[in-house]
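See structure below.
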Amino acid sequence: MAVRGMVQGAAAQVQSLPAPVGGWNVRDSFANMEPTDAVTLVNMFPTVSNVTLRGGYSEHATGLDGEVQTLMTYSYAGSTKLYAITSTGKLYDVTTAGAVGAPAVTGLSNGIWEYINVTNTAGTHYLYAVNGVDKPILWDGTTWLRVDGSSTVAITGVTTTTLINICLFKNRVWFFQKDTLVAWYLPTNAVGGAAQMVDLSAVARFGGHLVDFDTWTIDAGYGVDDNLVFVTSNGEVIVYSGTDPASASTWALIGVWKLGSPIGTRCMLKWGGDLLILTYDGLMPMAGSLQSSRLDPRVALSDKIQGAITAATTNYGGDHAAVGWQIVYNAKRNAVWINVPVATGQQEQYVMNTITKSWAQFTGWGATCWENFNDDPYFGGTNKVYVAWDDSYADNGANIGAVALQAFNYFGSRAVKKYFTRARPSIFSNGSPAIFVGMNIDFDTSNTTAPLTFTPTTSGTWGTSVWDAGLWGNDNVIQNTWIGITGIGYCGGTQFQSASQGIQIEWASTDIVYQAGWAGV
């Protein structure tokens, strides 16, 4: 009787909602989100026009000894190699897919290294890596060398085993020392020689030690506007400009700013003409952060998921040397993501579309470290290296589970109850995935979904099907079947779930049928 009384005389209304292309929102209240946002968006990526199932991952290299904690790409004159360093102190060539051979380097103290590619005046291209415990390792394309004060390529003036991070700035190789505020640099266009010191202890008024550094190119190109940016364990950002630190006329301190403390030792990423820093304040772009107060949270690229950032950094932050925290950019997928080490062997990613700045949460990629190789993202795991975001749409042969709960919508009338009856999601797919759709009422986030009937489209198979008889190709086909839903409340949010493999899924929109009652009824 309550339902009948509420809807008596009320005509059914239909409203079409775009899929949640606005992305994951962990900032605003459930009652105040934009209709195109999502309360939950797991393993679905918001694009410009729809929300798609993320790509899968598959094994690339197997048979490594230990947890892969560093991946390094050597790229020069058409030669591209991928190397992995494990927790057992072994370095492997993982360029070729399949089982790896014997390690190229053994006897390293740990697997957490930082590296650069650099070319000297003789035209030799090197991969240069440090870890703050062992002698730096130098690869010239043929031989691995351990660098100290008396090696073939030698560094003098500093104990090389204390060098924990490395950067290339204005044709100079830079390092900084472990647990200090001291940086070192080499002569121009050199990989060895007498190291010169730059002591930042008189500049960093909050103390601490250096955690990371990188270049910041204001004009988006490597040129006269390059700056060298240091970040300390207490969140001070120290910016220098110039070419020769030994000359006051060509070297200057631009400024010192205070942000939240950085998270992890891989907390900086050069992105176009900007520099991103992962801190307790969120994912901060240098250009916006240094021109605005720290108290303005809108500066952070992660502003919309600040609730998740705060929870993750509180629960899994802490030690600046923690394995797993990393910022990753992949141009091929138009994505930047934060790798979050939620537990041993269990990582998740907070992923931003670089075009729309919309966010999603990925689970299932147990990544301890990342690197781009031949434009594809690769990650390290236990005893293996994987290629991620591939077109298999399967997680190493298993289902990809996706969950989305679109923002709760009052459908234009906050004070009026509605009786929801039917929904028609418009979904593109090249197969017959298991999909469930439902309507959640009045901020209920529990599972209310029911199965959606999905009719597959059969395609011809090359070499098997009869020519001019079988349908060719397996392009995505739209499915927009009406399904029954039920619920009475002031607002509703569309819930979408899927568990499938080998099948592409794109969610474009959802049509909702409902009847409105009277205010307060």
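Predicted, not measured: the structure shown is a model, and the values here were computed from it. Numbers for residues simply follow the sequence, beginning at 1.
- Aromatic ring centres of Phe379 and Tyr57 lie closer together than 6.0 Å.
- No side-chain heavy atom of Thr40 sits less than 4.5 Å from a side-chain heavy atom of Thr445.
- Using modelled atom types, one finds no donor on one side chain facing an acceptor on the other under 3.5 Å when comparing Ser358 with Asn353.
- In summary, the aromatic rings of Trp325 and Tyr316 are positioned with their centroids too far apart to meet the 6.0 Å limit.
- Residues Asn430 and Tyr393 form no side-chain contact, since every pair of their non-hydrogen atoms from C-beta on lies 4.5 Å or further apart.
- A distance of 6.0 Å or more separates the ring centres of Trp174 and Tyr240.
- With contacts defined as side-chain heavy-atom distances shorter than 4.5 Å, the pair Arg424/Ile483 does not qualify.
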Next on the checklist: Under the criterion side-chain contact (heavy atoms from CB on, under 4.5 Å), I'd like the reasoning laid out for Val513 against Gln13: C-alpha separation, chi angles, the key distance, then a yes or no.
Outcome noted: CA-CA 6 Å; Val513 176; Gln13 301 182 51; over 6 Å; no

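- Inter-residue side-chain proximity for Asp212 and Pro262 is flagged as unmet; no heavy-atom pair is nearer than 4.5 Å.
- Heavy-atom minimum distance, Tyr92 versus Thr86: CE1-CG2, 3.9 Å.
- Two residues are said to be in side-chain contact when any heavy atoms from C-beta on lie closer than 4.5 Å; Val336 and Leu283 meet this criterion.
- Aromatic ring pairs are classed by plane angle as parallel below 30°, tilted from 30° to 60° and perpendicular above 60°; the pair Phe408 and Phe443 is perpendicular.
- Taking the six-membered ring wherever Trp is involved, the centroid distance between the rings of Phe411 and Phe420 falls below 6.0 Å.
- Looking at heavy atoms from C-beta onward, Met44 lies in side-chain contact with Phe496 at the 4.5 angstrom threshold.
- Although no hydrogens or angles enter the test, the distance criterion places no donor-acceptor pair under 3.5 Å between the side chain of Ser302 and the main chain of Ile305.
- Annotation: the span from Gln306 atom CD to Asp281 atom CG amounts to 7.5 Å, rounded to 0.5 Å.
- Of the possible donor and acceptor atoms, none in the side chain of Arg205 sits under 3.5 Å from a partner among the backbone N and O of Glu236.
- Within the 3.5 Å criterion, the main-chain N or O of Ala434 finds a donor-acceptor partner in the side chain of Ser498.
- For the residue pair Asn372 / Asn330, a side-chain donor-acceptor distance below 3.5 Å is found, with atom types taken as modelled.
- Annotation for Glu34: atom CD does not count as buried by contact number, only 12 or fewer foreign heavy atoms lying within 6.0 Å.
- Residues Thr232 and Ala204 share a closest heavy-atom pair of CG2-CB, 4.4 Å.
- Checked by atom type, the side-chain pair Asp390/Ser392 shows a donor-acceptor distance below 3.5 Å.
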Next on the checklist: As a quick check of understanding, evaluate salt bridge (charged side-chain N to carboxylate O under 4.0 Å, His left out) for Asp214 and Arg266, giving each step before the final call.
Outcome noted: CA-CA 11 Å; Asp214 211 328; Arg266 294 165 177 165; over 6 Å; no

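- A distance below 6.0 Å separates the ring centres of Phe362 and Trp389.
- No donor-acceptor distance shorter than 3.5 angstrom exists from the side chain of Asp28 to the backbone of Met33, with no hydrogens or angles considered.
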Next on the checklist: Quick one, Val239 with Trp257, criterion side-chain contact (heavy atoms from CB on, under 4.5 Å). Give me CA distance, side-chain angles, the key distance, then yes/no.
Outcome noted: CA-CA 9 Å; Val239 182; Trp257 289 263; 3.7 Å; yes

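- In plain terms, the two heavy atoms of Leu71 and Gly380 that are nearest each other are CD1-N, 3.8 Å.
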Item to check | Trace of the ring-ring contact (aromatic ring centres under 6.0 Å, His included) decision for Tyr350 with Trp24 | outcome: CA-CA 9 Å; Tyr350 301 162; Trp24 187 27; 5.3 Å; yes

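- A salt bridge links Asp391 and Arg333; the closest N-O separation between the charged side-chain nitrogens and carboxylate oxygens is under 4.0 Å.
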